[in-house]
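Throughout, protein chains are lettered first and strands after them, A, B, ... in sequence-line order, and every chain is numbered starting at 1. Just so it is clear, the values below take in all heavy atoms, side chains as well, and ignore hydrogens, waters and symmetry mates.
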Amino acid sequence: MSWRLKLKIHRWRPGDRAPHYDLFEVEVPEDAYVLDAIEKVWAEQDRSLAFRHACHHASCGSCGLRINGREKLPCITPVTDYRQGSTVQVDPLRHFPLVRDLVVDMGPLARAMDEVRFSIIRQASEEVPASLPPEPPLLPDETHEATRFENCLECGLCVSACPVAGSSVRYLGPAALAAAERMLAEPRGVDPAAVWAAIDHDDGLWRCHGAFECSAACPSEVDPAAAIMRLRRYGARVAEAARGRRR
Amino acid sequence: MTMSERRARSKGGQAFWWQVISGVLLVVLATIHMVANHFVVPGGLRTYADVVSYIGTPAIFVLETLFLVVVTSHALLGVRAIILDLSPSDRAARRLDRFLVLLGLAAIVYATTLMIRVGW
Amino acid sequence: MTAVQESGQARIGRERRPRRVDRWFDPRGLAPGQLAFVLHRITGLGLVFYLFLHLGVLSLLARGPEAWDRFIAVAKTSPVLALDVVLIFGLLFHGLNGLRLTLVSLNLGVRKQAALFWGATVLAAAGTAVAGWMIFRMGG
């Protein structure tokens with residue numbers, strides 16, 4: 001069975017005075033996702049439509065959009081979430097510079113992640129050991145110790161959902177703060193004091209007003225709001241540790 | 001001074017926790033204030049004579065002064081938080097802090113003076 | 001390890017972005033977190049306004065009994081009593097939601113934050129109804 005939707009898509013290109021919406025009628029299989037519908041619009045109706053997509057299974061975070069005003073990854077949003085024949089409004093993420101149509105500049109998020117030291121640190125080639133390190137020990141059931149990867153896709157949905165990120169232009173944002181909490185929980189060679197200094201200010205941890213919209217929008221169980229609440233209590237431990245060092 | 005150095009000297013955490021503490025205190029103080037002034041008085045509002053006798057009681061004067069200080073602090077910390085949501089420059093933020101401290105002190109001094117003048 | 005040095009242009013561009021205050025009041029489909037934020041902000045601003053209005057009105061006490069008692073007569077009229085009921089809701093909601101924010105900031109009840117918001121709203125509404133009945137019964 002197929003599914004018909006009317007996609008009301010935000011359009012803007014550099015030089016336009018104001019954005020406008022184009023309406024596209026599209027029919028896709030019932031088990032398709034909203035991203036499939038957008039791709040079909042691009043393929044069959046308007047090749048000038050700009051949008052991001054990559055993995056199509058919620059592991060790259062590229063395709064983040066607002067669908068009917070709420071942040072979603074369209075690659076995992078079934079078309080059947082919207083009534084047959086209904087009009088679905090598709091907008092770019094908020095709080096990022098708009099590049100074109102549905103594409104935003106994710107640079108501010110990358111810079112915020114760098115600021116809290118949440119980067120992959122590339123080692124110089126001469127530091128690579130001549131031989132591989134020993135295999136990690138086997139667990140009793142003969143599997144190797146599990147390595148926890150990060151949940152965060154850096155998709156930016158949380159930043160878009162945050163009510164203060166629009167006015168508080170210097171706010172680090174929920175993604176970076178959640179990343180900082182991970183760095184403090186598991187430093188990986190980073191100086192925790194430096195991470196704390198990067199977030200303990202009026203444009204960092206203390207700008208959050210507890211709206212929890214970031215966690216509501218997160219498609220990957222990062223729960224940035226809970227991370228920020230944990231961070232608020234971290235300060236007491238940092239202060240106590242500093243007092244201990246001064247004695 | 002770099003932006004990160006300026007940020008490191010900000011008062012964000014202190015302001016937040018004072019907001020929390022004053023808020024919790026206000027739950028008690030505001031309840032006492034509302035009940036004492038509006039829900040145990042016949043007609044719900046104190047006449048001039050009622051106000052004079054109320055504020056002239058030492059324990060009440062201390063309680064209302066404490067309420068005044070706590071509510072003014074909490075209100076102005078809240079205003080500060082909202083204005084900081086607009087990402088003012090560091091200079092504007094320092095001026096804001098100075099202005100709010102002066103406004104708060106002025107409000108507290110004015111209202112305390114009024115209470116002394118009326119009740120004592 | 002060095003922090004990324006943000007380009008001057010990028011930083012200036014960020015500082016010049018318009019401040020989207022409208023986003024504070026965007027209902028976002030009545031999402032509980034956003035509703036809590038909006039209501040807390042509106043009641044907070046309303047209470048700040050009321051605080052300074054109240055302090056200003058209290059100056060009538062310095063003018064003596066006639067001035068104050070004249071004001072009290074106006075304060076007992078229905079429109080003013082109705083505004084008092086709105087004030088009571090603002091106080092109750094802001095206080096109860098504030099307690100919710102205090103709890104979650106202490107990492108307590110974070111998983112239940114939406115339920116805490118609805119609970120605070122219902123309690124504030126119930127308290128307002130009771131207070132409203134008392135206000136009009138006593139003062140009307």
Side-chain angles (χ1 to χ4, degrees), chain B residues 2-4 16-17 19-24 26-31 33-35 37-52 55 64 68 71-72 74-83 85-89 103-104 106-108 110-115 117-119, chain C residues 3 5-6 11 14-15 17 19-21 23-24 40-41 43-45 47-52 54-56 58-73 75-76 80-81 84 87-88 91-92 94-99 101-103 105-106 131 134-140:
Chain B
T2 63
M3 188 177 298
S4 56
F16 178 82
W17 289 116
Q19 190 72 335
V20 166
I21 291 166
S22 61
V24 172
L26 272 178
V27 171
V28 175
L29 291 170
T31 303
H33 177 82
M34 291 299 288
V35 169
N37 282 287
H38 302 295
F39 290 100
V40 298
V41 176
L45 288 164
R46 291 183 177 272
T47 62
Y48 185 88
D50 289 336
V51 171
V52 170
I55 237 21
E64 290 287 348
L68 170 69
V71 77
T72 306
H74 188 83
L76 295 180
L77 282 169
V79 168
R80 177 181 184 270
I82 290 173
I83 294 176
D85 281 347
L86 299 170
S87 282
S89 67
L103 179 64
I108 290 167
Y110 152 78
T112 309
T113 309
L114 187 62
M115 281 197 290
R117 190 173 156 188
V118 167
Chain C
Q5 298 302 314
E6 186 176 14
R11 190 170 59 243
R14 192 160 59 128
E15 299 285 336
R17 241 177 65 208
R19 272 58 168 166
R20 295 300 302 265
V21 176
R23 299 277 155 83
W24 297 351
H40 202 75
R41 184 146 290 202
T43 55
L45 286 170
L47 287 167
V48 170
F49 171 75
Y50 176 76
L51 170 67
F52 285 95
H54 191 38
L55 290 178
L58 288 176
S59 68
L60 291 172
L61 286 167
R63 295 195 206 166
E66 293 84 21
W68 178 256
D69 292 338
R70 249 197 324 270
F71 161 71
I72 293 297
K76 286 188 177 182
V80 179
L81 291 179
D84 284 338
L87 170 68
I88 295 282
L91 266 171
L92 284 174
H94 197 83
L96 290 168
N97 191 55
L99 285 177
L101 290 171
T102 299
L103 284 173
S105 294
L106 294 170
M134 291 175 71
I135 284 170
F136 276 94
R137 196 174 67 103
M138 289 193 309

For this session: Heavy-atom pairs under 4.5 Å with chain B are the metric here; pick the option from Ser105(C), Ala67(C), Ala131(C) that has the most.
Result: Ser105(C)
Seminar exercise, completed: In terms of heavy-atom contacts, Leu51(C) and Ala75(B) come closest through CD2-CB, 3.8 Å
Problem set entry | Interchain contact, Leu91(C) with chain B, by part (heavy-atom threshold 4.5 Å) | side chain
Exercise. So which heavy atom on Pro65(C) is nearest to which on Tyr48(B), and how close?
Worked result: CA-CG, 3.5 Å
Seminar exercise, completed: From the list Ile21(B), Thr47(B), Leu26(B), the residue making the most non-hydrogen contacts under 4.5 Å with chain C is Thr47(B)
Exercise. Where on Leu45(C) is there a heavy atom nearer than 4.5 Å to chain B: the side chain, the backbone, both, or neither?
Worked result: side chain
Exercise. Does the side chain of Val118(B) come within less than 4.5 Å of Trp68(C)'s, by heavy atoms?
Worked result: no
Problem set entry | Heavy-atom proximity to chain B below 4.5 Å, by part of His54(C) | side chain
For this session: Return the option, out of Gly98(C), Gly44(C), Ala62(C), with the maximum number of heavy-atom pairs under 4.5 Å with chain B.
Result: Ala62(C)
For this session: Kindly indicate, with the supporting measurements, whether the criterion side chain to side chain contact (heavy atoms under 4.5 Å, CB included) is fulfilled by Leu55(C) and Leu68(B).
Result: CA-CA 10 Å; Leu55(C) 290 178; Leu68(B) 170 69; 4.1 Å; yes
For this session: Name the region of Ile72(C), side chain, backbone, both or neither, that has any atom closer than 4.5 Å to a heavy atom of chain B.
Result: both
Exercise. Can you say whether Phe71(C) sits under 4.5 Å from chain B via the side chain, the backbone, both, or neither, judging by heavy atoms?
Worked result: neither
Problem set entry | Region of His74(B) that comes under 4.5 Å of a non-hydrogen atom in chain C | side chain
For this session: Counting only heavy atoms closer than 4.5 Å, note whether Leu86(B) contacts chain C via side chain, backbone, both or neither.
Result: both
For this session: Name the region of Leu61(C), side chain, backbone, both or neither, that has any atom closer than 4.5 Å to a heavy atom of chain B.
Result: both
Problem set entry | Flag side-chain contact, heavy atom, 4.5 Å: Ile88(C) against Met34(B) | yes
Seminar exercise, completed: Interatomic distance, CG@Leu45(B) vs CG@Asp84(C), rounded to 0.5 Å, equals 7.0 Å
Problem set entry | Phe39(B) versus chain C, the contacting section by heavy-atom distance below 4.5 Å | both
Exercise. Tell me, do Asp85(B) and Arg41(C) make a side-chain contact under 4.5 Å, heavy atoms counted?
Worked result: yes
